[in-house]
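Here's the structure, in structure tokens; my notes come after.
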Amino acid sequence: MTNNKAVLQWIDEVKALVNPDNVVWIDGSKEQTEALRAEACSTGELTKLNQEKLPNCYLHRTAVNDVARVENRTFICTSKKEDAGATNNWCDPQEMYAKLNALYKDSYKGRTMYVIPYSMSVVGSPFAKIGIELTDSIYVVLNMLIMTRAGKEVIDALGDSPDFIKGLHARKDIDEENRYIVHFPEDNTIMSVNSGYGGNVLLGKKCFALRIASYLAHNEGWLAEHMLILGIEDPQGNVRYISAAFPSACGKTNLAMLIPPALYREKGYKVWCVGDDIAWLRVGPDGRLWAVNPENGFFGVAPGTNVKSNPNALETTMRDTIFTNVVLNKDNNTVWWEGLDKNPPANAIDWKGNPWNGQESTEKGAHPNSRFTALAANCPCVSKEFNNPAGVPIDAIVFGGRRAKTAPLVYQSFDWNHGVFVGSAMASETTAAAAGAVGVVRRDPMAMLPFCGYNMGDYFAHWLTMGTKIPKAPKIFNVNWFRTDDEGHFIWPGFGDNMRVLMWILARCDGTVDAVETPIGYMPKAEDINIEGLDIDLDTVKGLLSVDNDLWLEDAKGLREFYNKIDAVGNRMPKELWNQLDAFEARLSK
Ligand code: GTP
Ligand code: SPV
Ligand code: MN
């Protein structure tokens, strides 16, 4: 399919190592995709679902020990440890290559090597970057065909250029003890072995579009972020764009596809989804910050997705979708997950592949991190700008996380540098998206803790520098949809009603609403959050906006420890953030 010497030479090297029975180039054609689906169904790798109700939809179950990203087995291998920093696992590249090569040796014996040329962002966009993933998994191929622009068009666009990201994936034995997700940013190389799950193996996503891309972005003067992008159209037809970084399973997909509450809908407001997980941002010729979503689909959390919470996502999954680790309803060959409706199937197969009676079982039928892989083009609210190679201009950047207590519903940073501080101070309760304990508060700056491909101190410095390079910089905000009452219930209704908060954010960008200055930033007056049509009253909003200085001082202590930890490897914490932290504590102690 190509004469590109760099590509062919690399594939030859890998072939000699992994020893495949044959090699298949993925061209992106309907015929090839259909044949691969059929083959995967014949081996049980995929189950074909009810084609009347769910045309072109399939189900896949991963191994039970392989259901989420594995952060403790994810490495950034730069020649110097300081360049990976304190928040990444690091290993000397030569040592790691030796260890991995031993694992990959002959790992494709009896298997086929699929060569997937793919582009992150629209082919031909100034944002676009090309990768090639080698894999022995049809599931990976079919997911990559949804999540990226993949096939012949991409290898043609690459031409003779050696400028592509190498990705090598081998399922091997799905052995947890020997699972590795490794990045060599200096070599534009990603290696993943012993997993068949999402973020570990769809190498265009977290591995390339965040870890490798953030490293490139630092060197090249742009940003690669764990952010959704949405547009809010007003009744006059003007669309304003917001990007938002929340940690994994903290509401990006839901916010990106929200349906405005009736009061806004009736006036003619609309919300458009540009992206639900990753944004690449560059300064445009007009001095604004422009963003593209480098992906082509959504790898979304299934549980909790329903007609009320996210009808757009649900509609998106009605065709051309691969479901992973959800329940199979044997009566009608459709799928189910917790939170879809109140009627779990009785005659079903759970995510582990065992018989499951949803009417009686106390165990979950779908894994909490079960997912759908669906085409953005099938989303009812996909933005008209989705394929615009120039991207969309961003007015506001929003940070947020799951905080039961400390963080209020929304606040605005004083300026860019303070906004970078606010992002650096993010913390959130852990979720099922990564292996490990769930519900533990941990620091997760800019929702990038697991995804920053270099030293977090350098990353903060890069954000500060970017602020000096964007003449018309977005305003920076922080939100928290997850404050709970004493019984542990969420106080804020969330989902579509989050638009009420976004409207305050846009009003602040326009300078049409006042704010109250507090130690943490500018806060809304309670009456400026529109609660028309909601079940909550002004006092509840006041509660959601309350700031407890003592809790924040505690938090600042944790942040200081975190800064110290980052600084311990390479001394790269910017002075400006230390100053911000000092000033923050001083304001709180006043
Ligand atoms: P990743 O794909 O892992 O990056 O996750 P994400 O950030 O896109 O999270 P997603 O939108 O899939 O939401 C994850 C979980 O949070 C789901 O179970 C949602 O139901 C829940 N959730 C999303 N938005 C809200 C909200 O506004 N309020 C509450 N209470 N829950 C929410
Ligand atoms: C996340 O964990 O943030 C995801 C899912 O978006 S994964 O692709 O597994 O990283
Ligand atoms: Mn994510």
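Ligands are counted one by one from 1 in listed order, and the atoms in each one are counted from 1 as well. Note that the structure is predicted; figures quoted are calculated from it, not measured.
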Which atoms of ligand 1 have any heavy atom of [X] under 4.0 Å away?
X	value
Lys252	1 (P), 4 (O), 5 (O), 6 (P), 7 (O), 8 (O), 9 (O), 11 (O)
Pro247	7 (O)
Asn254	10 (P), 11 (O), 12 (O), 13 (O), 19 (C), 23 (C), 24 (N)

Worksheet item: Between Phe399 and Phe477, is the gap from one ring center to the other below 6.0 Å?
Response: no
Discussion item. Using a 3.5 Å distance criterion without hydrogens, assess whether the side chain of Thr189 forms a donor-acceptor pair with backbone atoms of Pro185.
Written reply: no
Fill in: Ser309 contact mode with ligand 1 (heavy-atom cut-off under 4.0 Å)
neither
Item to complete: Select one of side chain, backbone, both or neither to describe which atoms of Asp277 lie under 4.0 Å from any atom of ligand 2, heavy atoms only.
Response: side chain
Within the structure, is a non-hydrogen atom of [X] found at a distance of less than 4.0 Å from ligand 1?
X	value
Pro493	no
Glu338	no
Ala249	yes

Response to the item:
At a cut-off of 2.8 Å, protein N/O/S around the Mn ion (ligand 3) gives Lys206 NZ, His226 NE2, Asp277 OD1
Worksheet entry | For Gly199, atoms of ligand 2 separated by under 4.0 Å from a heavy atom | 7 (S), 8 (O), 9 (O), 10 (O)
